[in-house]
Amino acid sequence: MKDIRIGLIGTGGMGKAHATAFQNVPLVFGNEPGRPVLEIVADVDAKALERWAGEFGFARWTTNWRDVVNDPRVDVVDITTPNALHAEMAIAAAQAGKHIYCEKPLATTSADAARIVAAVAKAGVISIVGFNYLKNPAQAFARQMIESGELGDITLFRGTFDQDFLANPDIPFSWRLDRAQAGTGALGDLGSHTIAFAQFLVGDIVEVCGLNATKINERVVPDAGSGYAATAQSSGKMRSVENEDIMEFLIRFENGAIGTIGTSRIGVGRKLGLGYEIQGTRGSLFYTQERMNEIQLYRHTDPDREKGYKTIYIGPEHPGYKAFFGLAGIGLGYNDQKIIEAHDLITAVALGKPTQPDVRFAYQVNKVIDAVDVSCRERRWVRVSEFDTDVDQ
Ligand SMILES: NC(=O)c1ccc[n+]([C@@H]2O[C@H](COP(=O)([O-])OP(=O)(O)OC[C@H]3O[C@@H](n4cnc5c(N)ncnc54)[C@H](O)[C@@H]3O)[C@@H](O)[C@H]2O)c1
């Protein structure tokens with residue numbers, strides 16, 4: 001079995017999820033033609049990093065991410081840093097001939113995402129982007145139902161991603177609220193996952209019209225920490241929030257379906273309010289990530305006396321589940337999606353075959369984000385093709 005050596009950049013929330021996933025791939029699946037090896041990890045704080053690297057079993061660590069990219073022993077560069085750093089890191093990695101595992105959103109602009117797509121294509125390396133919710137076996141089932149025509153023609157996609165982790169105005173400022181580091185707010189951070197659902201299940205979005213709002217306009221600057229882990233200990237200095245808390249937008253798909261996507265990071269009561277309803281001419285699907293082991297299916301062809309949504313429990317018949325359990329209804333969790341994602345990447349790299357969702361899929365998501373953002377600023381419908389670049393030729 002081939003060793004696939006991982007160079008991880010970033011040891012925050014996602015760095016931990018990725019390292020844990022790689023450790024678990026051979027334990028859960030054990031059938032992949034490659035074995036992930038945690039080779040080297042980079043972050044900016046040397047003291048914390050040494051301990052972290054030891055705990056997660058990385059052979060080496062560095063405070064300079066370029067050491068990871070240029071390391072001849074590294075096969076895959078895994079990028080889990082704030083959004084604005086993805087492009088420079090991914091392009092450098094591709095140029096060094098490394099395969100790429102990058103967190104979402106791929107970049108803060110579709111122009112940067114296009115540069116990543118071009119670099120990956122030129123280098124001929126494999127890529128995967130962290131739209132991990134697509135890896136829930138429920139989504140493979142949903143896609144099979146749609147592709148097989150069982151739901152008829154898809155007429156409507158209604159998607160959400162609401163969370164309330166920023167609902168409290170005392171939560172301090174962090175990189176997610178900084179336009180230069182994050183790009184858009186709820187849209188890129190959360191809504192990107194819903195756009196990925198729409199794109200994966202229904203098809204490409206061609207036109208959007210958005211409306212957004214920032215409800216908590218400034219937050220206290222923390223003395224320490226980043227991301228969800230920032231502490232509120234502070235001198236009391238305030239900083240303006242630079243991107244939106246809430247985003248709602250209308251969408252038109254290439255295949256004629258229409259829909260809406262709504263997302264909020266101050267959506268009180270919603271913990272992981274990611275989901276959708278997809279309606280077709282012969283049937284419909286309803287899914288919410290808060291009950292990620294179920295999907296609701298309605299068949300319009302059922303006899304009238306039996307019509308109604310029924311609950312499908314995710315089980316071994318749904319792609320990806322069997323490696324965990326042989327019986328339906330036991331249930332997977334968030335990290336299991338990451339294990340499936342890491343498994344797909346390791347398999348693709350070992351076999352030298354592309355996998356999904358790759359950087360091109362994520363570039364398309366970035367174009368939709370840009371279109372929605374411009375639509376809000378200019379108060380008009382925006383065609384996604386306004387953001388086409390050379391890589392669309
Ligand atoms: N797929 C998902 O479900 C999901 C969930 C959360 C976050 N994310 C994405 O993951 C990425 C990271 O988010 P997070 O929540 O882990 O953030 P975080 O703030 O917890 O972690 C980011 C880490 O990057 C490090 N870092 C910053 N600059 C660096 C540099 N120049 N070199 C090396 N390390 C550097 C920070 O020190 C920190 O440890 C973002 O792109 C975010 O959108 C994805």
Side-chain angles (χ1 to χ4, degrees), residues 7-21 40-49 51-53 56 58 61-69 77-90 92-93 100-108 112-113 116 128-136 161 163 165-166 171-178 180-197 222 224-231 243 263 265 271-274 289 292 333-342 345 357 362 365-366 369:
L8 173 67
I9 311 177
T11 63
M14 274 305 103
K16 180 177 174 182
H18 285 217
T20 308
I40 184 168
V41 56
D43 207 307
V44 284
D45 175 356
K47 213 167 134 214
L49 184 57
R51 200 194 65 235
W52 199 96
F56 282 87
F58 281 85
W61 58 268
T62 173
T63 53
N64 182 353
W65 64 266
R66 287 191 185 276
D67 293 345
V68 173
V69 165
V77 171
D78 182 1
I79 302 164
T80 68
T81 49
N83 309 345
L85 297 170
H86 296 178
E88 189 184 6
M89 292 172 173
I100 292 165
Y101 183 9
C102 185
E103 262 311 327
K104 47 50 63 181
L106 181 58
T108 50
D112 274 355
I116 298 174
I128 195 166
V129 179
F131 290 113
N132 36 259
Y133 299 107
L134 300 182
K135 297 297 180 184
N136 181 346
F161 197 169
Q163 285 192 286
F165 65 93
L166 284 171
I171 301 282
F173 195 91
S174 72
W175 67 262
R176 283 185 165 76
L177 314 173
D178 177 338
Q181 288 196 71
T184 57
L187 174 62
D189 194 26
L190 308 180
S192 58
H193 284 293
T194 322
I195 297 168
F197 271 162
S226 79
Y228 304 120
T231 62
N243 50 29
T263 179
R265 60 189 183 192
K271 304 302 170 190
L272 204 61
L274 166 65
Q289 192 69 31
M292 64 172 279
Y334 177 90
N335 282 320
D336 297 329
Q337 301 170 135
K338 278 286 180 212
I339 294 171
I340 299 172
E341 185 173 271
L345 171 68
V365 173
N366 262 112
I369 292 171

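We count ligands from 1, going down the list as the structure has it; atoms in each ligand are counted the same way. Side chains are part of it too, since the values below use all heavy atoms of this structure and drop only hydrogens, waters and symmetry mates.
- Contacts between Trp52 and ligand 1 below 4.0 angstrom, taking non-hydrogen atoms only, are absent altogether.
- Ligand 1 has no atom lying under 4.0 Å from any heavy atom of Phe131.
- The minimum heavy-atom distance between Phe165 and Ile171, with the atom names listed, is O-CG1, 3.9 Å.
- Ligand 1 has a nitrogen or oxygen under 3.5 angstrom from a nitrogen or oxygen of Gly130.
- Only the side chain of Leu85 comes within contact range of ligand 1, with a heavy atom under 4.0 Å; no backbone atom does.
- Across all their heavy atoms, Ile116 and Ala107 have their closest contact at CD1-CB, 4.4 Å.
- Residue-level proximity to ligand 1 for Trp175 is carried by the side chain, the only part with a heavy atom below 4.0 angstrom.
- Under 4.0 angstrom from ligand 1, the non-hydrogen atoms of Arg176 all belong to its side chain.
- Here the CD1-CE distance, from Ile79 to Met14, works out to 15.0 Å after rounding to the nearest 0.5 Å.
- Set against the non-hydrogen atoms of Pro82, the atoms of ligand 1 under 4.0 Å away are 22 (C), 24 (O), 27 (C).
- Residue Ile9 forms a side-chain contact (heavy atoms from CB on, under 4.5 Å) with just one option from Asp78, Val77, Thr80, Leu85, and that option is Val77.
- Remark: ligand 1 and Pro105 share no N or O pair separated by less than 3.5 Å (distance only, no angle test).
- Listed by atom number, the atoms of ligand 1 under 4.0 Å from Gly12 heavy atoms are 16 (O), 20 (O), 21 (O), 23 (C), 39 (O).
- Taking every non-hydrogen atom of Met14 and a distance limit under 4.0 Å, the qualifying atoms of ligand 1 come out as 2 (C), 4 (C), 5 (C), 6 (C), 7 (C), 8 (N), 9 (C), 10 (O), 16 (O), 44 (C).
- Closest approach of Lys104 to Asp189, counting heavy atoms only: NZ-O, 2.7 Å.
- Taking any N or O of Ile9, backbone or side chain, none lies under 3.5 Å from an N or O belonging to ligand 1.
- Not a single heavy atom of Lys16 sits closer than 4.0 Å to an atom of ligand 1.
- For the pair Glu341 and Tyr101, the minimum side-chain heavy-atom distance is below 4.5 Å.
- Proximity of Glu103 to ligand 1, defined as any heavy-atom pair under 4.0 Å, is confined to the side chain (atoms from C-beta onward).
- Note: Gln163 CD to Leu190 CG = 5.0 Å, rounded to the nearest 0.5 Å.
- Within the 4.0 Å heavy-atom criterion, both parts of Lys104, backbone and side chain, lie near ligand 1.
- In terms of heavy atoms, Asp43 sits closest to Leu49 at N-CD2, 3.5 Å.
- Among Asp112, Asn366, Ile100, Asn83, the one residue that satisfies the side-chain contact (heavy atoms from CB on, under 4.5 Å) test with Leu106 is Asn366.
- With Asp43, Asn83, Ile79, Val44 as candidates, the residue nearest to atom 41 (O) of ligand 1 on a non-hydrogen basis is Asn83.
- At a heavy-atom cutoff of 4.0 Å, ligand 1 is contacted by the backbone of Thr80 but not by its side chain.
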Checklist line | Full working for side-chain contact (heavy atoms from CB on, under 4.5 Å) between Gln289 and Phe161 | finding: CA-CA 9 Å; Gln289 192 69 31; Phe161 197 169; over 6 Å; no

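- With ligand atoms numbered from 1 in the order given, ligand 1 contributes 41 (O) to contacts under 4.0 Å with heavy atoms of His86.
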